[in-house]
Number of protein chains: 2
Amino acid sequence: MAQRVGIKDVALAAGVSVSTVSHALSGKGHMRAETRDRVRAVAVELGYTPNRLASSLRQRRTRVIGLVSDSISTTPFATRVVVGVHEAASAAGLQVMMTSTHGDPSVELASLELLASYRVDGVVYAKMFHQTADVPAALLAMPSVFVDALPREPIVPATVPDERQIGRVGTEFLLGQGHRNIAHLSIVHGGPGRDGRVAGFMDAMHAASIENAEGFVAYSDDTSEAYARRARDVLTASPRPTAVFCFNDRAAIGVYHAAASLRLRIPEDVSVVGVDNLELVAETLNPGLTTVSLPHFEMGVWAVRTLVKMIAGEPFAGDTPSVVFQPGVLIERASVAPPGPRVTKT
Amino acid sequence: MAQRVGIKDVALAAGVSVSTVSHALSGKGHMRAETRDRVRAVAVELGYTPNRLASSLRQRRTRVIGLVSDSISTTPFATRVVVGVHEAASAAGLQVMMTSTHGDPSVELASLELLASYRVDGVVYAKMFHQTADVPAALLAMPSVFVDALPREPIVPATVPDERQIGRVGTEFLLGQGHRNIAHLSIVHGGPGRDGRVAGFMDAMHAASIENAEGFVAYSDDTSEAYARRARDVLTASPRPTAVFCFNDRAAIGVYHAAASLRLRIPEDVSVVGVDNLELVAETLNPGLTTVSLPHFEMGVWAVRTLVKMIAGEPFAGDTPSVVFQPGVLIERASVAPPGPRVTKT
DNA sequence: GTAAAATGAAAAATCGTTTTACCGTGTCCT
DNA sequence: AGGACACGGTAAAACGATTTTTCATTTTAC
C-alpha cells in the first residue's frame, strides 16, 4: 500500500515481463490475445495507474499543451478562449497548462521557459484583444499558434476575429430591417478591431448605396460614461439616426443610458446593435441587446486543432494557412425594430 | 541542435560529472563556489532547459496541482475560483492542470485518474455553487481540498462562503440606512446558499428588534422573469417595503424590471441590495447595484494554500480546520438610499 | 526434412534527472 | 597516534515507463 502499483507489479502478478505488460496495455507489439487480456485484467485488478511522467520522458511527448494568455479573466473573451482551448484539448486527449502573464514580457518569458521545462507538446499564445504582436523567441522552439493576435512576422499560424465581416454583419442586419440613417459609435484609440469594424460598416453602407457613410461614424473613449455622452450627441443630431451600430456592448450600454435620459424608447425610437455578446450584459439590458458575438471560443478550438496537426505532422507547412479570420454571428434579441413612427413590438 | 541540451551536455562542457551539475544547479551538495558558478555559467551559455519530467519522476513530486471543476465558466464564480487558484499556485511555484467535468460523475472519475496519472501533487475539487457533495474515492489517494462544497464526511478540508454572514451584511447595510420594512427576495429551490442567507437576514432583522421577519421573505424561481413577477408582488404589498435584499444579482435585475414597470425609482422609492457582485451586471444596471460579493477568488486562494501545507507536511492534520467559511463583502454602488419621501440622491 | 520466416515473449538500453554511497585528502580533537 | 569528520567531487543506482534487441519456438516453404 505504501507504493503505487507500477508496471513491474503487474508483470510480476501476471507472470510476464514488464515489456509484455507495456505492449499489452498499449496494444503495440504482437502477442496472443489471451496474454494481452490476462495482463489487462491483472492491471485493473491491481488498480494500476500509469505514470505519465515516465511514459512522457521516454516517448518525448507529454500530451500536455501550454496556454499562455495575458489574462485569464479580466474580460469574458479571455475566458471563452480558455474554454475553447480546454474543450478542444480534451477532445484531442490533451491536458492544458495555463499561465497568465498580465501582459508583462518578463513574466511571459518565464512562463514560456516553465512550459518548456515541462516539455509541453506545443503552446497556444493568446492575447486578450485583437492586436499585432512580436513572436517571442522562446516560442519558436516548439509548435505554437497565436490567438487574437497577428504575429509581426508570419512564422506562426494565427487566428483573429474577422472584424470587417463583423462590422458588416451588424450593419447589414439594421439595413435589412429598413434603416438607412445608421450611426456607428466607435472608439478613438483603436487597433485592428476598430478599423475593421468601421471598414465593415462602410462596406455595408456603400453596398446599400448610402453615400457619405463616414459622416455617420462617431468616436468615443472606451468607458460607459464617455459612450453615454457621445451617444447623446449622436441621438440629438438632426436628422436623428434611427439606429446605432456600436463598436462593442459597452458602447451599447452608453446608448441605452443616453436614450433613457433623452426619453427615447428602444427599439421603437432607436434600434441598437452591439458587438461582443456579453451575455450578462445583453440579457440584463432592457430590452435585451441584439449583438454580434465574437468568435473567441471558436478561435480557441481552432488553435488547438491546428496545434495538434503541427505536433503530429510537418511543423506549420503547406496547407496550413498563415492566418485565419473567424466570423462573428449576429445574436438577435429585442433591441432592433424597423424604423419609422409605427411601434412594431409584438 | 537536434537534441535539447541536457545536464549531461553541461557536465561535458564544464568538465565535471553530471552529479556535480545537478548539485550546482540545485545548490544542494557542498562544493567550491568557483565550481558552482562555473557550472551555472556553462548551463546558461548552452541554453540549458531543465527537464521537469525527469526531475519529477525521480523526486516523486511534480509541482503541478490539479483543478477539477464542474465548469470553468458557465458562471463568473467558477472563473473567479480558477483565477484565485492560478494566482496562489503561481505564487507557490506550482502549475495547475484544469479539467472540466460538466458535473458528470464518470467524467469526473476519468479526470481524477488522468490527474493521478500525471502524478499531480494534489487536487482542488471545486463545485460551481455551494452544495454538499460526496468525496470521490479517487480523491483520497492524494492531498485534496474542496471548494464551494461541503464534503459529506469531514475527511477533506473545505471552504465555502459564509452564507449567513452574507445575508446579515446585506441586510445590516439596509438597516443602517434606516430601513425597517425590508423584504428578502429568495429562491424556492435552494441549498445552503438559500438557507444561510435567509438565516442571516433573520439574524439581522431580529437584532434590530424587528418582529415577524419571516413574513418579509418571498420565494421565486431563479430566472429574471420569475424574479420580476415575484418582485412585482413584493413591491405592491402594503405597506410597500422601502428596500429589497435579493438572494442574488439576478433577483436584483428582476426588482429593477418590476420597479421600472411600476414607475418606482431606485433608490428614491425603493433601495435594492444584491448578492454576487457580477461586475458586468452591477455596472450595467442603472443605477449601479449595491451588492455583496461572494468570496470565490478567496476560496481559490485558500484552497491552494492549504493544499500546499498538506503537500508539505502532515496530510490534513491538527491545526487545519475541517471547513472554513469565507465572508462576503459589501460593494457599495448607487442602488441604496435612506427611506422616506425625501429624495437623497446627490 | 531442413532452411527461412514469422511469432511471442524476455532482456537490455534508454529517457534526464536526483540521490546515495563512496573515495581521497586534510584537519581537528583527544 | 588514531579516529571522526569536513570537503569537493564522482560513480552508480534509482525513478517507471517505452523501445529496441535478442532469443527460443513454431510455422511455412520448398
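Both backbone and side-chain heavy atoms feed into the values below; hydrogens, waters and symmetry mates do not. None of the values given here were measured: they were computed from a predicted structure. Each chain gets a letter, A, B and so on, in the order the sequences are listed, and its residues count up from 1.
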Worksheet item: Around atom CZ of B:R36, are there more than 12 heavy atoms of other residues, nucleotides or ligands at under 6.0 Å?
Response: yes
Can you tell me which nucleotide in [options] comes closest to the side chain of [X]?
{"X": "A:T20", "options": "D:dT10, C:dG16, C:dA10", "result": "C:dA10"}
{"X": "A:R58", "options": "C:dT18, D:dT19, D:dT10", "result": "D:dT19"}
{"X": "B:N51", "options": "C:dG16, C:dA10, D:dG9", "result": "C:dG16"}
{"X": "B:R32", "options": "D:dG8, D:dA17, D:dG16", "result": "D:dG8"}
{"X": "A:S22", "options": "D:dT19, C:dG16, C:dG8", "result": "D:dT19"}

Discussion item. By the 4.0 Å heavy-atom rule, please label B:T49 as base, sugar-phosphate, or nothing.
Written reply: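 Sugar-phosphate only.
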Discussion item. So, under a plain 3.5 Å distance rule, would you say the side chain of B:S19 forms a donor-acceptor pair with the base of D:dA11?
Written reply: yes
Item to complete: Classify the side chain of A:S56 versus the base of D:dA17 as yes if they form a donor-acceptor pair under 3.5 Å and no if they do not.
Response: no
Report yes if at least one side-chain N or O of [X] is closer than 4.0 Å to OP1 or OP2 of [N]; otherwise report no.
{"X": "B:Y118", "N": "D:dG16", "answer": "no"}
{"X": "B:K8", "N": "C:dT17", "answer": "no"}
{"X": "B:K28", "N": "C:dT18", "answer": "no"}

Practice prompt. State whether B:K127 and B:D148 are salt-bridged, where the test is any N-O pair (Lys NZ or Arg NE/NH1/NH2 against Asp/Glu carboxylate O) under 4.0 Å.
Written response: no
Worksheet entry | Side-chain heavy atoms of B:H102 within contact of B:S100, under 4.5 Å |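 They are in contact (side-chain heavy atoms under 4.5 Å apart), so the answer is yes.
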